[in-house]
Amino acid sequence: MNRNLLRAAVCALSFAAATAAGAVETMPLALARAVADQTINLVESKGLYPRRQEEYAQAKQDLLGAVDGKTADVDRNDLYARIRKVLGTLDTGGHSFLFPPQAPGQSALPQPAGPRVAPFQLVATSRGTVLRWVPPATTDMAPAAMSAYVRRVYDDAAALPGAGRACALVVDLSEQTGGNAWPPFIAMYPLFGNANKARWVDRDGKAIPVVDRTGLAGMAARDVGDRANPFSSFAAGPLAVLVGAKTASAGEMLLVALMGEERVRTFGQVSYGMSTANKVYWLPDGAMLLLTEMRYALADGPVFRGGIAPMQPAPKGEPVEASLRTAAEWAAANSPRCVPE
């Protein structure tokens, strides 16, 4: 699977779409018609089905009303509002978005705030030292930025004094608030096996494996060469995953991928609830459409809808650090590599 395919492949992105403000901006009628037609074609051929067909039919009629029978240029913001109304009828939990065209070099998706904590930390437990990894959120889909993210994971792990003493691992997804799941997914490829049970499920129930370990390993190799992966020593044994109430979209993709490993136990809060997968499309005017096309499931189980509950729930509102302690103690207690220090 090459990087260009990844950029077009299912990705999980979650942000509120802002409506442009200011003076009326018009779009040539022919272009507006092409935008409306392509949106409808994509929604009807690839998107998750509407909640109610009659609601979608009305929104579609309203969208076509912006261009049918018209002779003058079209108000761009009005057209976008009608497209967003169409997207709002789909059974996605509000996870499909439209972003206006951006100037060259600018991104439609704002970069999330910097991480609250260091990406790698050592956590002392009653049975030894556990490594905590907090993959930062990113929205950048440029190949160079994705490669830099993967390299930074390797560099950050190598820079942590005493990392080799860790006998177990906690993957902390509390900072994964939405964006591009692929860079951390690639970086942690050794944590996944060929028997992984995570699935994408399309609107007609067709299931597709989320994890292609060979493909992920190949992409990591292109980014870092033959450097040793910092997670290779945790490819077997118990694996704790920490979930926060703001773990969303891309974070929920990573969560389900990890839950596809039988050795995983999840801790913390119910995730945010944008547990669907989007694909990026560019419309004829340069606008970006994030269309929800997939849900997640484990093996042949039911698809997830809304927030994903942890296997070991924390009290509502419990600080992440307290949940981390519980997760780290479980990982150490169940790892044969961990012994009291």
Side-chain angles (χ1 to χ4, degrees), residues 8 10-102 106-110 139 177-179 201-204 248-250 252 272-295 303-307:
V10 177
C11 62
L13 294 154
S14 162
F15 294 95
T19 302
V24 172
E25 182 182 355
T26 60
M27 182 188 301
L29 177 60
L31 180 58
R33 185 181 301 279
V35 169
D37 287 346
Q38 183 172 336
T39 298
I40 290 170
N41 177 265
L42 289 169
V43 166
E44 294 186 350
S45 64
K46 299 179 181 299
L48 293 184
Y49 289 121
R51 293 184 302 273
R52 293 181 297 278
Q53 190 60 41
E54 61 274 15
E55 182 183 23
Y56 170 74
Q58 182 60 58
K60 175 183 176 180
Q61 181 178 332
D62 291 345
L63 173 56
L64 291 174
V67 294
D68 285 349
K70 306 296 184 183
T71 58
D73 291 348
V74 173
D75 181 334
R76 183 188 297 270
N77 290 338
D78 177 67
L79 182 70
Y80 285 175
R82 294 175 191 233
I83 290 174
R84 293 184 180 113
K85 183 178 178 182
V86 168
L87 299 177
T89 69
L90 305 181
D91 187 18
T92 69
H95 200 191
S96 290
F97 303 104
L98 176 72
F99 292 90
Q102 301 296 308
Q106 293 185 342
S107 172
L109 304 175
T139 61
T177 54
V201 182
D202 71 11
R203 63 186 189 175
D204 295 317
S249 190
E252 287 166 313
Y272 186 80
M274 285 189 167
S275 51
T276 50
N278 292 350
K279 187 172 178 179
V280 177
Y281 294 98
W282 300 99
L283 298 181
D285 70 327
M288 184 171 69
L289 174 65
L290 300 184
L291 182 63
T292 308
E293 299 186 4
M294 302 276 188
R295 296 191 183 277
V303 296
F304 290 104
R305 285 181 172 272

Side-chain donor/acceptor of T92 to backbone N/O of T292, under 3.5 Å: no
Rounded distance [0.5 Å steps], CE in M294 versus CG in N278: 11.0 Å
Pairs meeting criterion salt bridge (Lys or Arg N to Asp or Glu O under 4.0 Å) with involvement of residues 64-74, two or more places apart: R33-D68
Parallel, tilted or perpendicular: rings of F99 and F97 (30°, 60°): tilted
Whether E252 side chain and G307 backbone form a donor-acceptor pair below 3.5 Å: no
Spatial distance of atom OG1 (T89) from atom CG (L87) [nearest 0.5 Å]: 7.5 Å
Check: A66 main-chain N/O paired with D78 side-chain donor or acceptor under 3.5 Å: no
Test: D91 and R295 ion pair at under 4.0 Å: yes
Validation row: R82, V86 side chains within 4.5 angstrom (heavy atoms): no
Sequence-distant partners of N41, side chain to side chain contact (heavy atoms under 4.5 Å, CB included), two or more places apart: S45
Which atom of P101 lies closest to which atom of A287, heavy atoms considered: CG-N, 3.7 Å
Flag side-chain contact, heavy atom, 4.5 Å: P50 against E55: no
Beyond-backbone contact of L291 with K279, side-chain heavy atoms, under 4.5 angstrom: no
Closest contact, heavy atoms only, S275 versus G306: OG-O, 2.7 Å
Audit row: I40, L64, side chain to side chain contact (heavy atoms under 4.5 Å, CB included) steps and yes/no: CA-CA 9 Å; I40 290 170; L64 291 174; 3.5 Å; yes
Check: Y281 and T39 side chains under 4.5 Å, non-hydrogen atoms: no
Selection residues 36-50 - residue pairs positive for salt bridge (Lys or Arg N to Asp or Glu O under 4.0 Å), sequence neighbours left out: E44-K60
L290 side chain reached by V280 side chain, heavy atoms, under 4.5 Å: yes
Spatial distance of atom CG (L98) from atom CD1 (I83) [nearest 0.5 Å]: 5.0 Å
Spacing of CG belonging to L48 relative to CG belonging to D202, to within rounding of 0.5 Å: 8.5 Å
Shortest non-hydrogen contact between S249 and G178, atoms and distance: CB-CA, 4.2 Å
Polar side-chain atom of Q102 near backbone of P100 as donor-acceptor pair, under 3.5 Å: yes
Interatomic distance, M288 atom CE to W282 atom CH2 [nearest 0.5 angstrom]: 5.0 Å
Side-chain donor/acceptor of R76 to backbone N/O of E25, under 3.5 Å: no
Gap separating the CE atom of M27 from the CG atom of D75, nearest 0.5 angstrom: 9.0 Å
Side-chain donor or acceptor of R51 paired with backbone N/O of G88 under 3.5 Å: yes
